[in-house]
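First the structure, in the form of structure tokens, and then the observations on it.
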Amino acid sequence: SDQGYAALLINNSRQQRDSERIVHILNYILYTVQHPLRRSTIQAEAATGRPLVTTVSAQELANLMPHTSKLESQEPEMGTSLHYAQLALLVACLEWLWRDKDDFFVGANLTIYFSREQLKNRDFRGPDFFLFNKVEKKPRKSWVVWEEGGRYPDLIIELLSDSTARTDRNLKKALYQDRFRTPEYFWFSPETLEFEGYRLMNGIYEAIAPAENGYFWSQSLSLYLGVH
């Protein structure tokens with residue numbers, strides 16, 4: 001509110017985890033600010049001293065917010081055991097090949113947090129496999145863009161399934177092209193072996209032509225990607 005605090009319903013949120021309570025608080029504040037009639041109703045209810053309503057100052061709300069580097073991934077489980085095996089193979093191969101390097105990070109089915117608005121709306125987006133070059137190699141629960149110098153992935157690979165293929169080919173492709181500006185994007189279906197690659201050229205993804213053996217050259221990896 002104009003006075004720097006808002007009336008919040010907290011009777012149920014006390015039973016939730018801190019992260020869920022924070023989302024509840026943020027969404028409620030947004031709803032209250034955007035609806036003046038509801039705001040006046042809340043203020044009237046607060047004036048009655050009813051126990052369901054309390055006030056939280058701006059500073060108290062800030063203290064509730066978790067450090068963004070501790071945000072955990074919100075990605076759903078992989079579709080099938082075949083998808084798990086493919087993802088494990090990708091990670092294991094690269095980790096072994098680059099076992100002497102300490103300046104990269106591989107994410108496997110982890111959420112990428114790229115805006116606070118996205119966090120508030122719980123609009124989570126996480127590639128199946130993504131790579132960052134020239135970063136500190138350390139364990140992460142998720143990738144938080146504003147805590148990592150504004151960095152987005154250098155390479156993304158999505159594993160297609162019946163439930164995700166349309167999103168991976170369209171919505172996520174547009175997101176990785178227009179918002180993430182990820183230089184290389186590949187998708188692969190462990191079931192049908194559909195395999196395509198795209199490279200960002202002048203802001204637009206253009207299809208990568210495969211080599212004679214069907215492999216795709218990745219500039220981000222300095223390696224070929226292919227089905228063996």
Side-chain angles (χ1 to χ4, degrees), residues 19 23 26 65-78 83 86-95 97-98 101-161 164-188 195-208 216-225:
S19 60
V23 171
L26 290 174
M65 294 297 289
H67 192 282
T68 48
S69 65
K70 304 301 182 183
L71 288 171
E72 295 186 357
S73 179
Q74 301 291 333
E75 295 308 300
E77 295 184 358
M78 303 294 292
H83 288 78
Q86 180 62 72
L87 184 58
L89 182 65
L90 281 168
V91 174
C93 285
L94 190 61
E95 289 282 0
L97 187 64
W98 287 359
K101 296 181 62 174
D102 60 2
D103 62 347
F104 72 98
F105 176 74
V106 170
N109 200 36
L110 292 181
T111 298
I112 294 178
Y113 293 99
F114 55 89
S115 75
R116 289 178 172 83
E117 186 73 16
Q118 168 214 21
L119 175 61
K120 180 182 65 181
N121 294 335
R122 302 185 69 81
D123 181 23
F124 304 122
R125 298 291 175 188
D128 293 328
F129 177 97
F130 58 89
L131 167 73
F132 285 88
N133 286 313
K134 306 301 181 183
V135 299
E136 181 182 358
K137 186 179 181 181
K138 64 179 182 180
R140 292 171 170 87
K141 294 182 178 181
S142 61
W143 185 273
V144 185
V145 169
W146 60 90
E147 292 289 337
E148 300 279 0
R151 288 285 306 275
Y152 288 89
D154 295 305
L155 173 142
I156 289 174
I157 302 175
E158 293 286 6
L159 301 178
L160 304 183
S161 67
T164 67
R166 183 173 182 178
T167 299
D168 292 337
R169 295 191 188 105
N170 296 282
L171 190 150
K172 282 195 170 183
K173 183 183 177 186
L175 175 69
Y176 301 156
Q177 171 187 276
D178 301 330
R179 180 64 183 262
F180 285 21
R181 316 297 290 170
T182 294
E184 293 180 326
Y185 175 42
F186 297 85
W187 67 60
F188 173 67
F195 188 26
E196 294 189 19
Y198 296 87
R199 184 169 294 122
L200 200 64
M201 304 291 291
N202 298 318
I204 302 295
Y205 274 143
E206 294 187 3
I208 301 173
F216 292 93
W217 176 254
S218 167
Q219 295 178 350
S220 299
L221 291 167
S222 296
L223 296 169
Y224 280 104
L225 288 170

Checklist line | Residue list, ring pair (Phe, Tyr, Trp, His ring centres under 6.0 Å) with Phe129, at least two apart or on another chain | finding: none
List the residues meeting side-chain hydrogen bond (donor to acceptor under 3.5 Å, both in side chains) with [X], not counting sequence neighbours, and say none if there are none.
X	result
Arg151	Asp154
Gln86	none
Trp187	Glu194
Tyr205	none

Next item on the list: Examine Trp143 together with Phe132 and report whether their ring centres are nearer than 6.0 Å.
Entry: yes
Notebook entry, point to check: Is a salt bridge present between Glu206 and Arg199, judged by a nitrogen-to-oxygen distance below 4.0 Å?
Noted result: no
Measure up the [X] and [Y] rings against each other and bin them: parallel (under 30°), tilted (30 to 60°), perpendicular (over 60°).
X	Y	result
Tyr224	Trp217	perpendicular
Phe186	Phe195	tilted
Tyr185	Tyr176	perpendicular

Next item on the list: Provide the closest heavy-atom pair for Gly126 versus Lys172 in the form atom of the first, atom of the second, distance.
Entry: O-NZ, 3.2 Å
Checklist line | Side-chain touch Trp146/Tyr113, heavy atoms, less than 4.5 angstrom | finding: yes
Next item on the list: Using a 4.5 Å cut-off on heavy atoms from C-beta on, say whether the side chain of Lys101 contacts that of Lys137.
Entry: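 In short, these two side chains do not touch, never coming nearer than 4.5 Å.
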Item checked: Those residues that, when tested against Leu221, pass side-chain contact (heavy atoms from CB on, under 4.5 Å) (two or more places apart) -> Leu94, Trp98, Leu131, Leu155, Ser218, Leu223, Leu225
Margin query: Looking at Arg179, I'd like to know if its CZ atom is crowded, meaning that more than 12 non-hydrogen atoms belonging to other residues, nucleotides or ligands lie closer than 6.0 Å.
Written below: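 Count over threshold, so yes.
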